[in-house]
Amino acid sequence: MTLEERIQASETRIFKAVFPNTTNHYDTLFGGTAMHMMDEVAFITATRFSRQIMVTVSSDKIDFKKPIPAGTIVELIGHVTTVGNTSLKVDVEIYIEQMYAEGRELAVHGSFTFVAIDEQKKPVKIIK
């Protein structure tokens, strides 16, 4: 499998409903909850790409472009953007969809860096 095929095959998409128990006093999704969901999708994407033990080493930048209201559906999309020797970068986007209307908007974009590790928690090559 080529690198591009591995990148395409590892793209991860998850849908979630935004319920009131995940929102703040403005009735929008907590930023920390959004970051948690993004890190989870990034982890799944990195693991699907490498099929190795992966750990998050940084969240490089997370841009909150639009608030995510309660009562909406969100789609999180993770895709590998950069592959190094022992690390890789995954970009994650969160899109908002109204439950009862067409269309969607980009709400959040972030980048996460992962490192492949062995059983002794030492970095190892991603592509063998």
Side-chain angles (χ1 to χ4, degrees):
M1 183 180 294
T2 68
L3 179 63
E4 185 57 37
E5 289 170 333
R6 282 177 76 172
I7 288 171
Q8 288 178 354
S10 67
E11 181 178 273
T12 303
R13 294 173 177 264
I14 294 177
F15 289 88
K16 293 189 173 280
V18 180
F19 293 114
N21 65 327
T22 62
T23 62
N24 58 29
H25 57 289
Y26 297 113
D27 288 328
T28 60
L29 187 68
F30 279 113
T33 302
M35 290 167 40
H36 173 258
M37 292 189 302
M38 293 173 79
D39 187 39
E40 181 178 355
V41 168
F43 166 77
I44 293 168
T45 304
T47 302
R48 291 180 70 212
F49 176 87
S50 69
R51 298 300 176 179
Q52 294 172 274
I53 301 168
M54 301 297 288
V55 293
T56 308
V57 294
S58 73
S59 55
D60 303 327
K61 184 173 184 183
I62 299 177
D63 292 320
F64 294 88
K65 299 174 182 300
K66 296 204 176 279
I68 301 173
T72 56
I73 298 167
V74 293
E75 180 182 16
L76 295 100
I77 305 171
H79 56 275
V80 174
T81 58
T82 307
V83 180
N85 289 327
T86 61
S87 66
L88 60 79
K89 187 173 280 196
V90 176
D91 279 2
V92 178
E93 297 166 328
I94 301 179
Y95 289 90
I96 307 168
E97 293 183 21
Q98 299 302 319
M99 285 194 185
Y100 309 111
E102 296 294 323
R104 59 193 239 145
E105 295 180 279
L106 177 63
V108 186
H109 177 270
S111 296
F112 297 80
T113 303
F114 288 81
V115 170
I117 59 170
D118 62 17
E119 292 78 22
Q120 288 75 42
K121 299 183 174 59
K122 301 290 184 210
V124 294
K125 282 190 171 287
I126 290 178
I127 299 177
K128 300 172 183 173

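Along the sequence shown, residues are numbered consecutively beginning with 1.
- Each salt bridge (charged side-chain N to carboxylate O under 4.0 Å, His left out) pair with one or both residues in residues 112-122, not counting sequence neighbours, would appear here, but there are none.
- The side-chain hydrogen bond (donor to acceptor under 3.5 Å, both in side chains) pairs that include a residue from residues 34-43 are D39-T56, where partners are two or more places apart or lie in different chains.
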Could you go through residues 95-103 and list every donor-acceptor pair under 3.5 Å that involves a side-chain atom there, pairing it with any protein atom two or more places apart or in another chain?
unit_1 : atom_1 : unit_2 : atom_2 : d
Y95    : OH     : E93    : OE1    : 3.2

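- With sequence neighbours excluded, the residues forming a side-chain contact (heavy atoms from CB on, under 4.5 Å) with S111 are D60, K89, D91, H109, listed by chain and number.
- Between A107 and I68, the shortest heavy-atom contact is CB-CG1, 3.7 Å.
- Residues satisfying the side-chain contact (heavy atoms from CB on, under 4.5 Å) criterion with A42, sequence neighbours excluded, are V90, V92, F112, F114.
- Going from atom CD of E105 over to atom CD1 of I94 covers 13.5 Å, rounded to the nearest 0.5 Å.
- Taking OG1 from T86 and CD1 from I117, the interatomic distance works out to 11.0 Å, rounded to the nearest 0.5 Å.
- Under the 4.5 Å side-chain heavy-atom criterion for grouping Ile, Leu, Val, Met, Phe, Trp and Tyr, V55 is not connected to V124 through any hydrophobic cluster.
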Pair up each side-chain donor or acceptor in residues 70-80 with any protein partner under 3.5 Å, not counting sequence neighbours, and list the distances.
unit_1 : atom_1 : unit_2 : atom_2 : d
T72    : OG1    : P69    : O      : 2.7
E75    : OE1    : R104   : NH1    : 2.3
E75    : OE2    : R13    : NH1    : 2.8

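- The distance from the CD atom of Q8 to the OG1 atom of T2 is 7.5 Å, given to the nearest 0.5 Å.
- Annotation: the span from I62 atom CD1 to M38 atom CE amounts to 5.0 Å, rounded to 0.5 Å.
- A distance-only check finds no donor-acceptor pair linking the side chain of T22 to the backbone of V18 [under 3.5 Å].
- Clustering of Ile, Leu, Val, Met, Phe, Trp and Tyr side chains at separations under 4.5 Å leaves M1 isolated, with no partner residue.
- Under a 4.5 Å side-chain heavy-atom cut-off, the cluster of Ile, Leu, Val, Met, Phe, Trp and Tyr residues that includes Y26 has no other member.
- Taking K16 as the reference, nothing meets the salt bridge (Lys or Arg N to Asp or Glu O under 4.0 Å) condition, with sequence neighbours excluded.
- In this structure T23 satisfies the side chain to side chain donor-acceptor pair (under 3.5 Å) test with no other residue, sequence neighbours excluded.
- With sequence neighbours excluded, the residues satisfying side-chain contact (heavy atoms from CB on, under 4.5 Å) with F30 are N24, T33.
- Among residues two or more places apart in sequence or in another chain, the side-chain contact (heavy atoms from CB on, under 4.5 Å) test is passed with T12 by I14, V41, I44, T45, R48.
- Minimum heavy-atom separation, S87 to T113: CB-CG2, 4.3 Å.
- L29 is listed as a side-chain neighbour of M37, based on a closest heavy-atom distance under 4.5 Å.
- Follow the hydrophobic side-chain contacts under 4.5 Å out from M54 and you never reach V57; the two are in separate clusters.
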